[in-house]
Amino acid sequence: MAGLRIKELVKSYGPMNVLHGVDLDVRDGEFLVLIGPSGCGKSTLLRMIAGLDDISSGELWIGDRLSNGLAPQQRNISMVFQSYALFPHMTTRKNIGFGPKIRREASGAIDAKVNKAAETLNLHAYLDRLPRQLSGGQRQRVAMGRTIVREPDLFLFDEPLSNLDAKLRVQMRTELKALHQQLKTTMVYVTHDQIEAMTMADRIVVMNGGRIEQSGTPLELYDRPVNKFVAGFLGSPAMNFIPGTLERGDGQPRMRTQEGFTIPVGDTAAKSGQEIEIGIRPEHYRLADNDEGFPYQVAVVEPTGSETHLFGTIAGIDARCVFRDRIAPEPGSQMMLTIDPAKVHVFDRKTGDRI
Amino acid sequence: MAGLRIKELVKSYGPMNVLHGVDLDVRDGEFLVLIGPSGCGKSTLLRMIAGLDDISSGELWIGDRLSNGLAPQQRNISMVFQSYALFPHMTTRKNIGFGPKIRREASGAIDAKVNKAAETLNLHAYLDRLPRQLSGGQRQRVAMGRTIVREPDLFLFDEPLSNLDAKLRVQMRTELKALHQQLKTTMVYVTHDQIEAMTMADRIVVMNGGRIEQSGTPLELYDRPVNKFVAGFLGSPAMNFIPGTLERGDGQPRMRTQEGFTIPVGDTAAKSGQEIEIGIRPEHYRLADNDEGFPYQVAVVEPTGSETHLFGTIAGIDARCVFRDRIAPEPGSQMMLTIDPAKVHVFDRKTGDRI
Amino acid sequence: DSTVRVTIAEYSKGTGPYFEEAAKAFETANPDTKIQIEVVPWDNLQQKLTTDISAGANADLSIIGTRWLLDYVKEGIVAPLDEHITPDFRARFIDTFLSPSVMNGKVYGLPIAASARAMYYNKDIFAKAGIDTPPATWTDLKTAAEKIKALGGETYGFGLQGKEIETDVYFYYGMWSNGGEIVKDGKSGLDSQAAIDTAKLYKSFIDEGLTQPGVTSYAREDVQNLFKQGKVATVITAPFLSNQIKAEAPDLKYGVAPIPAGPTGDKGTYGVTDSIVLFENSKNKEAAWKFLDFLFTTEQRTKFDKVEGFLPVNAEESKDPFFADNADLKVFTSLLPNARFAPVIPGWEDIAQTTSNAIQKIYLGEGEPEATLKEAAAKINETLK
Amino acid sequence: MSRKLKRSILFWLLLSPIVVVILFPYAVMTISALKSATEVLNPNWWPSELRWQNFPEMWQTSGIAEALANSLYVSALSTVLTILVSIPAAYALSRYQFAGRDLFRQFLLVSQMLSPIVLVIGLFRLVAGAGMIDSLNVLVVIYTAFNIAFCVWMLQSYFSTIPRDLEEAAWMEGASRWRTLIAVFLPLAVPAMVVTAIFTFINAWNEFVIALTMLRTEGTYTLPIRVFSLVAGRYTVDWHYVMAAAFVASVPVAILFAWLQRYLVRGLSIGAVK
Amino acid sequence: MQRATAPYILILPSFVLAAAIILWPLKEIVSLSLHDVNRFGMLRDFIGLEHFRVLFADPDFIAATWRTLVWTAAVVLGTLIVSVPIALILNEDFYGRGIARILIMLPWAISLTMTAIVWRWALNGESGMLNSALRGLGLINTNIQWLAEASTAFPMQILIGILVSVPFTVTIFLGGLSSVPDDLYEAAATEGAGSWDQFRLITLPLLRPFINIAFVLNTIYVFNSFPIIWATTQGGPANSTDILVTYLYKVGFRIGRLGEAAAVSLIMFAILLVFTIIYVRLAMREAKA
Ligand SMILES: Nc1ncnc2c1ncn2[C@@H]1O[C@H](COP(=O)(O)OP(=O)(O)OP(=O)(O)O)[C@@H](O)[C@H]1O
Ligand SMILES: Nc1ncnc2c1ncn2[C@@H]1O[C@H](COP(=O)(O)OP(=O)(O)OP(=O)(O)O)[C@@H](O)[C@H]1O
Ligand SMILES: [Mg+2]
Ligand SMILES: [Mg+2]
């Protein structure tokens, strides 16, 4: 078991930088979730931690060992590859048992481990199949299995559940948490699934374009995103942003939109008259009981079963609302909405930083 | 453009059946979403429609042509592979432009199409990269791009967005819907993402173990799942099932649990005294205002930002609740919950069918 | 228009060009005949001929080793030439060389190349060892070799060939001197006392370090090379070595002497000819003969033998100063009266093979001379039957 | 960077014994090719003078120029022909299940089993019966036939490692099987094709027995006949010319190696199962 | 293309060509081996298995057969053992890899016959450059007569055999290695597999088909290989380095007993056939298992 300390890590392919000096400390035993848009460098970071890609500059400490030049074999890390990287000539059983076999464990012990993993992963029926005879999700589970039979110092997961159905994914999430609880091994986990990130992480790190934008507990990030990027990236459907100018009057500060109406905002350091942009999460709108609210122009109504998603505009700006209830406004109609001012996020319109 | 008619389709690998006689009609211009647990045969079905796997028995009609023996090239179908299947020796540009090039379109026209697709997919910066120089999500987008530059009779998508971040996925979803609106081409779409399924589909088909369990509009499936499987599969977190016996009294019928308390159920054909199982979606629980409710034993509290997920038990049965509000009950404590009887699904405990 | 195809064995780099030139000259004189020269490396000649003949795709004329001729005659593959041979034509030849190609009284081939063997010796080494005349007998040779050994260094008195073509012949030199015969009364002479004595003699050379070490790895080429390098003082070989020495080791002082004699004064040289034959299935016998006739004009023969360093087969030719005044060649020609040719027996190569194997075993010390030779003789007798 | 340097040094050290053994005959050849006729028999490594003119002399006397052209023609043509014939067969073996598949593969091996020395008699009868001796084109066909077994086996093994879904994706885009082969499949099989090309080219380049049997006239002789005839059974061998000729004969092949070896790089990550 | 006939059409050209070079000659050889034949291949009486009987009574033939097996096994196994590590190295990325590859392939650039001749030239006892080099390095002080007896000649011939088979084999392996995707090694490495384990568990199994090709074809080629032994010793001295091909050549073309030669070649053919069938069967069973 080991923590991880990354200092000024840079990765470049030829002249092009993919990581621009990443600093990151992962506590021993922490469950760290890495999220960020496609292509922001998550896999690259994992691969550098695993020792698969050369480090262009910077330092990588695993435990208290500077590991820049260490071969992958020497790092005692286990990783689920985004591309699975299953051994095509080995059955599920052999693939999963690969790690223990390398460590020359007794074949009885290997069998037991493999069977246990297969049970967890619902793979018992496929133990003697070759990867090419498996479905996409089954392959991904084999990749997962290969990792969880081991007890490494550090787990790396690169979108390990992306090809699983929701139900299985929930189940796997629980198993993984349990594994973490039990082993207390440091885990770094890349995912695109918001719920996964929010529910599994001790801490979430949001990356963007090869840089870390923010890191913190899930609720910290959700409640106080440091900038528009983080705010917009976390939460689905994404936060709506509406530009305007701050007006401080007697009571609640409010933002005046271009169209002229105002939306109350909560605590903010923004000065009166400052050009700001407010962020509102789609699920935070409430139907206004009276005329006190602001107008929402409905364009498309999308029921998802448990919720109703609305597409429309506020002050001419695209905005999405999510309602728990099954409501059915006419497309084209106008609704009045309100918002709890405490749930409004205020950003500087120029820098995008939270104010 | 063409509809699709599938009759008694069977696929077997050696002695093992993977599809056990699937019947399916897809209307011309329909957007059909195929969902089901990992390994249930979704990809296999797509591959048979595409002509990539032999049909063991049954009939496949594309438009009004019996297409069982037709070569893939002759079907004019476009498909996104679950495995991407990018040509490793071709740049993004070449990969995307492959189809038009094969059709000997003018190179100017090809360029225009490729650029447009790259714009849609946020790939313009990566047009001259080879697949191995792309991130997972970028590769998946290239696969998507290769498909959307064409105007085939039928689109097949096999989990085309699984490796994209939530934001991009929402965006792609919209683009795809727009494409569908514009081309009115039949699309068959496999996904594991509930929201994708619910929001994009004209109709959803739920598969399980090589059979179709139910097919219908998203809300039909969500509101009136024909059996426990569909009920449990659709919606995330999944529906809770609680066994008991139906009691018909004067007013609302109720189900008595093993622990002795009762839960009101809505309209059902179940007879009094029948052994049933009720299904309740986690998001449909409400906090009881008075003592009228039933008890919920809280085990774990998981805030996801917009919601709070609770793990616990009802009548000794594992049950999950989702609350929109950020509540914080003590783990170990007991809460009283109620439920709108209309939202309770009743199933036969033996067959699992809706009653 | 007719084409005459001629298969030519390649003796040296001059062979091909010589025949091409001859063909051209012939074509100029006979415009209606085309000569097609097909040059084949010597090593592959037998294989090539076998293949060609077996498919009926052989040329009209071909060079073959005269020692193989009997097999060809027996199978009726080569045509007798007597009907074309005028007494005048026949008179062109030195009889010794023509007679090996005469079988059952008919001429089946014309000697295109002829050579004999004599002993080359290195005058410098001999002088250093205090020997002033080339050894006349094998005993002399052995004494000389001992003296040379006494000089020290890596110089050896007797170059002994123990590998590949003519390994057997190198043994026959001694055997003939001891009065032996290859075949006598239809039986192998390999088990004769002469043969056994020779084997013991040669073996004693080897054992006493009087030959180059590892004789079984030295083919004719290799021993000649040792001679050129001054590493062996004597070697028994053909006239063409003179040409090579001239080109490659011009500073070497050497002499040519007869092959040493045995206790009874017997000595013999080996006479070899290669024949050019006319195939029975040739469709152009007339034209082919004409070309033969042309090749055996004195002018052509002289040219050829000069190029290759062979002995003249043509009486006129031998009067050419090039041959007549050549001291080395004179030794060879003087030996001709005693020359022995490969006996006219079927399966010559088979016998040669068996003999070589037996001798190699003896050289290597893997077999007692007497027993080994007897065994080989028995095997040869089988073949001769 | 320095990691690579360290590795390079290590690898070269590991390779050095075999490199020395490989270079030894080349060194012998090169040095002998540069010695004079008088010196060539001496086993010294450093000749008193380097006779570069051996090369032009050899070139003029040995007729090697024409042979070079003939050999290039035969080798190039049979390489192309072999690959053209082998690709479809290998493709069929790796992509179709059909009755007789394994039998055909084994039959190909059987076609290699007769020792060429014997084979040549039968072959020659066949060719002579058809009246086609002394033709370079016949040689091309025979060489092709000889190389098919290896090429088909090699290509098939490699083809089997190329994931099917790449082809399938191309078909879906409407590419015919043929087009798919050209545009998608073969570019991925380049390393295997390079191996087979090298193999066929070299076999044709170096082949001696069949060429000697089938060819008659100077104008059609290939390089090995020319080079070999400088040695085989001659009463006098000009070793310096032989070595020079052998050296010259190996140069085009070495160039071919240099050109083709970089196509043997590790695959474009095509085998991954995802 | 009709699916059922397509594969047959695809293999047709190669089948015809391969059949042409084997079937006709095979028929010829069989008939030669069963008849009394003259030295020019003309058939006389049918004599059944007489040639075979003669052969099996010939101790030289029996000895040559055993020697051929030793020769083939030594050269093929030696080649494989040497080639695998070389191919692995040449597949890595290092400075001068291109040059190293060319160097390793060089022995292939000269015909076997020429190579053998150069070696014979170099192995010459008194004027060979090998002895001169070894003496120069102080490794020996008297010349070794490499080719004078089988005990030194045969190992040398095996060595040359290995040397000239290495380029072919390495090239096959390089082709095979290029089909192994990098990410498998990456996965194996993160699972803790060192170089040896990676080789054993990833490279070797994935290289299997290529090793099979190299093994089977090398066996066939080496078994039938003529030039090395012929050019260096012609099977001598006293047949002590004869293998079946050289024996066959002497019997057939020197001595002119084509019938016996044909019988030898049939026996060789049979040995190879049995060997390959067994091997291919085993290899295929393993692949399926
Ligand atoms: N070549 C094969 N041989 C045997 N079984 C196979 C083969 N290919 C697929 N299967 C099995 O067929 C079933 C259906 O596979 P398919 O790929 O259609 O699943 P899927 O629904 O797409 O799953 P996923 O969501 O995981 O991609 C799986 O259980 C798989 O193991
Ligand atoms: N070999 C390479 N050469 C050049 N650029 C590369 C190479 N490999 C990756 N990249 C680029 O580096 C960036 C980061 O890639 P990485 O795989 O780390 O993204 P990611 O965050 O994992 O994305 P995803 O969520 O799509 O998997 C991408 O923009 C990608 O295009
Ligand atoms: Mg990634
Ligand atoms: Mg699938």
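Computed from heavy atoms alone, side chains included, the values below leave out hydrogens, waters and symmetry copies. Note that the structure is predicted; figures quoted are calculated from it, not measured.
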*Considering residues at least two apart in sequence or located in another chain, which fulfil the side-chain contact (heavy atoms from CB on, under 4.5 Å) criterion with C/Val73?*
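side-chain contact (heavy atoms from CB on, under 4.5 Å) check on C/Val73 returns C/Leu69, C/Val78, C/Met103, C/Asn104, C/Tyr108.
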*Could you pull out all residues at least two apart from E/Leu139 that satisfy side-chain contact (heavy atoms from CB on, under 4.5 Å)?*
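Result, side-chain contact (heavy atoms from CB on, under 4.5 Å) vs E/Leu139: E/Leu134, E/Leu137.
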*Measure E/Leu258 against the heavy atoms of chain C and call it side chain, backbone, both or neither at under 4.5 Å.*
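Interface part for E/Leu258: side chain.
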*Please determine, among E/Gly41, E/Pro237, E/Gly125, the option with the most heavy-atom pairs under 4.5 Å with chain C.*
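Highest number of pairs under 4.5 Å: E/Pro237.
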_Residues that C/Phe205 engages under ring-ring contact (aromatic ring centres under 6.0 Å, His included), provided they are two or more places apart_ =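 So C/Phe205 forms a ring-ring contact (aromatic ring centres under 6.0 Å, His included) with C/Phe158.
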*asked:* Below 4.5 Å, heavy-atom pairs only: which of C/Leu49, C/Val215, C/Leu364 has the largest tally toward chain E?
replied: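 Looking at each of C/Leu49, C/Val215, C/Leu364 in turn, C/Leu364 comes out on top.
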*Can you tell which of C/Ile359, C/Ile77, C/Leu226, C/Ile351 has the highest number of heavy-atom pairs within less than 4.5 Å of chain E?*
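Max contact count across the listed options: C/Ile77.
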Chain C to chain E donor-acceptor contacts, backbone plus side chain, under 3.5 Å:
residue: C/Gln46; atom: NE2; partner: E/Phe253; partner atom: O; Å: 3.3
residue: C/Gln46; atom: NE2; partner: E/Arg254; partner atom: O; Å: 3.2
residue: C/Gln47; atom: OE1; partner: E/Tyr249; partner atom: OH; Å: 3.2
residue: C/Asp71; atom: OD2; partner: E/Arg39; partner atom: NH1; Å: 3.3
residue: C/Glu75; atom: OE1; partner: E/Asn38; partner atom: ND2; Å: 2.8
residue: C/Glu75; atom: OE1; partner: E/Arg44; partner atom: NH2; Å: 2.8
residue: C/Glu75; atom: OE2; partner: E/Arg44; partner atom: NH2; Å: 2.5
residue: C/Glu154; atom: OE2; partner: E/Arg135; partner atom: NH1; Å: 3.3
residue: C/Glu154; atom: OE2; partner: E/Arg135; partner atom: NH2; Å: 3.3
residue: C/Lys163; atom: NZ; partner: E/Thr232; partner atom: O; Å: 2.4
residue: C/Glu164; atom: OE1; partner: E/Arg120; partner atom: NH1; Å: 3.4
residue: C/Glu164; atom: OE1; partner: E/Arg120; partner atom: NH2; Å: 3.3
residue: C/Glu164; atom: OE2; partner: E/Arg120; partner atom: NH1; Å: 2.9
residue: C/Thr216; atom: OG1; partner: E/Ala148; partner atom: O; Å: 2.4
residue: C/Tyr218; atom: OH; partner: E/Glu126; partner atom: N; Å: 2.9
residue: C/Tyr218; atom: OH; partner: E/Gln145; partner atom: OE1; Å: 3.3
residue: C/Asp222; atom: OD2; partner: E/Arg120; partner atom: NH2; Å: 3.4
residue: C/Lys231; atom: NZ; partner: E/Glu126; partner atom: O; Å: 3.0
residue: C/Asp350; atom: OD2; partner: E/Arg257; partner atom: NH1; Å: 2.7
residue: C/Gln360; atom: OE1; partner: E/Ala238; partner atom: N; Å: 2.3

*For the residue pair C/Gly214 and E/Ala148, what are the closest heavy atoms and their distance?*
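For C/Gly214 and E/Ala148, the tightest heavy-atom pair comes out as CA-CB, 3.6 Å.
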